[in-house]
Participant: 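What follows is a structure written as C-alpha cells; I'll ask about it next.
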Amino acid sequence: MERTVLVIEDEMDLADVIGYHLEKEGYKSRIAYTGHEGLEAAKINPKPDLVLLDLNLPDMSGIEVCRRLRMDSTLQDVFIIMVTAKSDEIDRVIGFEVGADDYVIKPFSSRELMLRVRAMLRRVGQTGESNKLCVGSLVIDKAAHRCWNEDQEIQLTALEFRLLRIFLENQDIVQTRETLLKEVWNMD
C-alpha cells in the first residue's frame, strides 16, 4: 500500500527537494506552502499517513497547525514530524506537547529525514490506524463499531455497521446477495 506524506513547508525549494526524495523512496508526496493550505491538504483523500511540518509558516504557526490536526477526529492519528530551524529545548518540548511524534532540526541530511520517515511509517500498522477506515468525510472505527460523518457520530445498529463496513472495505467491487448474507447476516 502506497503511503502518503504531506509536506507543509513555506520554503518552496526545500519543499520540492523533500517531495523529490519522498517520491524516490516510493512514497506519494503532497506539498503545501502555508498552514491553511496544509490543513486543507490533510483532508484530501487519501489522508496522509505522515505530515512533515515546518514551524515557521507565513500565515500561522506550525504549533497551531499541529494542534488543529490533533483536534480533528479524522486526522488525529496521523504521524507528525516537525522539521524546523528552531533548535531550543523549549521549542522541542512544546512541539512534543502539542502532539508531534518526532522533531528534526534544520539543516538536516535528506538521508536522515528519509530514515525517520521510514521508521515512523513502519508504525502505521502497529497503531489503531488499521482499525479506522476513511472514505471522504465518513470515518468508521472497526474495533469500536462507531461511525462519524464530518465529526458527527452516526448511530448505527450492529447490522447497519457490518453492512457499511463491507461496502467501504470493498469499494468498486459488486457484492452479491450470497456474499452479503454470509458476511453481514452470517447465513450460508
Side-chain angles (χ1 to χ4, degrees), residues 3-19 21-22 25 27-110 112-134 137 139-141 143-144 146 148-153:
R3 301 286 183 205
T4 302
V5 179
L6 171 60
V7 179
I8 306 175
E9 169 64 61
D10 65 327
E11 294 178 47
M12 291 183 184
D13 292 341
L14 179 57
D16 292 340
V17 167
I18 293 171
H21 284 286
L22 288 167
E25 290 286 322
Y27 303 115
K28 183 177 177 198
S29 67
R30 193 178 301 158
I31 298 176
Y33 301 108
T34 68
H36 285 100
E37 283 179 17
L39 290 169
E40 290 303 312
K43 295 177 183 175
I44 296 172
N45 227 356
K47 76 175 184 175
D49 298 291
L50 172 71
V51 175
L52 297 176
L53 176 61
D54 184 17
L55 290 184
N56 296 320
L57 297 169
D59 58 342
M60 69 172 44
S61 157
I63 295 292
E64 181 60 25
V65 173
C66 185
R67 190 175 284 126
R68 289 186 188 187
L69 289 171
R70 291 296 182 227
M71 288 173 40
D72 186 324
S73 65
T74 63
L75 298 170
Q76 60 190 199
D77 57 348
V78 171
F79 290 111
I80 299 172
I81 299 177
M82 291 189 171
V83 182
T84 181
K86 292 186 173 190
S87 61
D88 292 339
E89 179 185 3
I90 188 67
D91 295 316
R92 292 191 309 271
V93 168
I94 291 171
F96 287 119
E97 283 180 345
V98 296
D101 297 291
D102 199 357
Y103 198 98
V104 177
I105 299 168
K106 296 176 186 176
F108 55 84
S109 76
S110 297
E112 178 189 0
L113 182 62
M114 292 305 111
L115 287 171
R116 287 177 183 253
V117 166
R118 192 176 315 132
M120 193 66 62
L121 291 176
R122 270 197 310 260
R123 299 180 194 171
V124 169
Q126 300 168 2
T127 67
E129 157 115 351
S130 60
N131 289 325
K132 290 197 177 170
L133 181 61
C134 303
S137 62
V139 178
I140 67 168
D141 184 333
R146 296 174 69 191
W148 298 268
N149 185 27
E150 295 181 3
D151 297 330
Q152 286 195 312
E153 188 166 1

Participant: Identify all side-chain donor-acceptor contacts of residues 34-44 below 3.5 Å with residues at least two apart in sequence or on another chain.
Facilitator:
unit_1	atom_1	unit_2	atom_2	d
Thr34	OG1	Glu37	N	3.1
His36	ND1	Asp59	OD2	2.6
Glu37	OE1	Tyr33	N	3.0

Participant: Any salt bridge (charged side-chain N to carboxylate O under 4.0 Å, His left out) involving residues 6-17? Give me the pairs, sequence neighbours left out, ordered by first then second residue.
Facilitator: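 Passing the test, one end in residues 6-17: Glu9-Lys106, Glu11-Lys106.
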
Participant: Name all residues meeting the side chain to side chain contact (heavy atoms under 4.5 Å, CB included) criterion together with Asp88; count only those two or more places apart in sequence or in a different chain, and write none if there are none.
Facilitator: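 Partners of Asp88 by the side chain to side chain contact (heavy atoms under 4.5 Å, CB included) criterion, ordered by chain and then number, come out as Ile90, Asp91.
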
Participant: May I ask you to decide whether Asp49 forms a salt bridge with Arg30, counting only side-chain N to carboxylate O separations under 4.0 Å?
Facilitator: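 Result for this pair is no, no salt bridge flagged.
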
Participant: Sequence neighbours excluded, which residues qualify as side chain to side chain contact (heavy atoms under 4.5 Å, CB included) partners of Asn56?
Facilitator: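 For Asn56, the residues satisfying side chain to side chain contact (heavy atoms under 4.5 Å, CB included) (neighbours in sequence not counted) are Asp54, Thr84, Lys86.
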
Participant: State the CG-CG distance between Leu52 and Leu22, to the nearest 0.5 angstrom.
Facilitator: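 The CG atom of Leu22 is 6.0 Å from CG of Leu52, to the nearest 0.5 Å.
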
Participant: For Glu64, give me all partners under side-chain hydrogen bond (donor to acceptor under 3.5 Å, both in side chains), at least two apart in sequence or on another chain.
Facilitator: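 If we apply the side-chain hydrogen bond (donor to acceptor under 3.5 Å, both in side chains) test to Glu64, skipping adjacent residues, the hits are Arg67, Arg68.
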
Participant: Rounded to the nearest 0.5 Å, what's the gap from CZ on Phe79 to CG on Leu69? Could you check?
Facilitator: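 It comes to 14.0 Å.
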
Participant: Can you name the side-chain hydrogen bond (donor to acceptor under 3.5 Å, both in side chains) partners of Ser29, sequence neighbours left out?
Facilitator: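 Partners of Ser29 by the side-chain hydrogen bond (donor to acceptor under 3.5 Å, both in side chains) criterion, ordered by chain and then number, come out as Glu23.
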
Participant: In Å, rounded to the nearest 0.5 Å, how long is the span from OH of Tyr27 to CZ of Arg118?
Facilitator: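 The OH atom of Tyr27 sits 5.5 Å away from the CZ atom of Arg118.
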
Participant: With sequence neighbours left out, what residues match Glu112 under side-chain hydrogen bond (donor to acceptor under 3.5 Å, both in side chains)?
Facilitator: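 Residues passing side-chain hydrogen bond (donor to acceptor under 3.5 Å, both in side chains) with Glu112: Arg116.
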
Participant: Under the side-chain hydrogen bond (donor to acceptor under 3.5 Å, both in side chains) rule, collect the residues that match up with Arg92, sequence neighbours excluded.
Facilitator: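 Applying side-chain hydrogen bond (donor to acceptor under 3.5 Å, both in side chains) to Arg92 gives none.
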
Participant: In Å, rounded to the nearest 0.5 Å, how long is the span from CZ of Phe108 to CG of Leu113?
Facilitator: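 If we round to the nearest 0.5 Å, Phe108:CZ and Leu113:CG are 5.0 Å apart.
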
Participant: Above 12 or not: heavy atoms from other molecules or residues under 6.0 Å from CD of Gln76?
Facilitator: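 Atom CD in Gln76 is crowded, with more than 12 foreign heavy atoms closer than 6.0 Å.
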
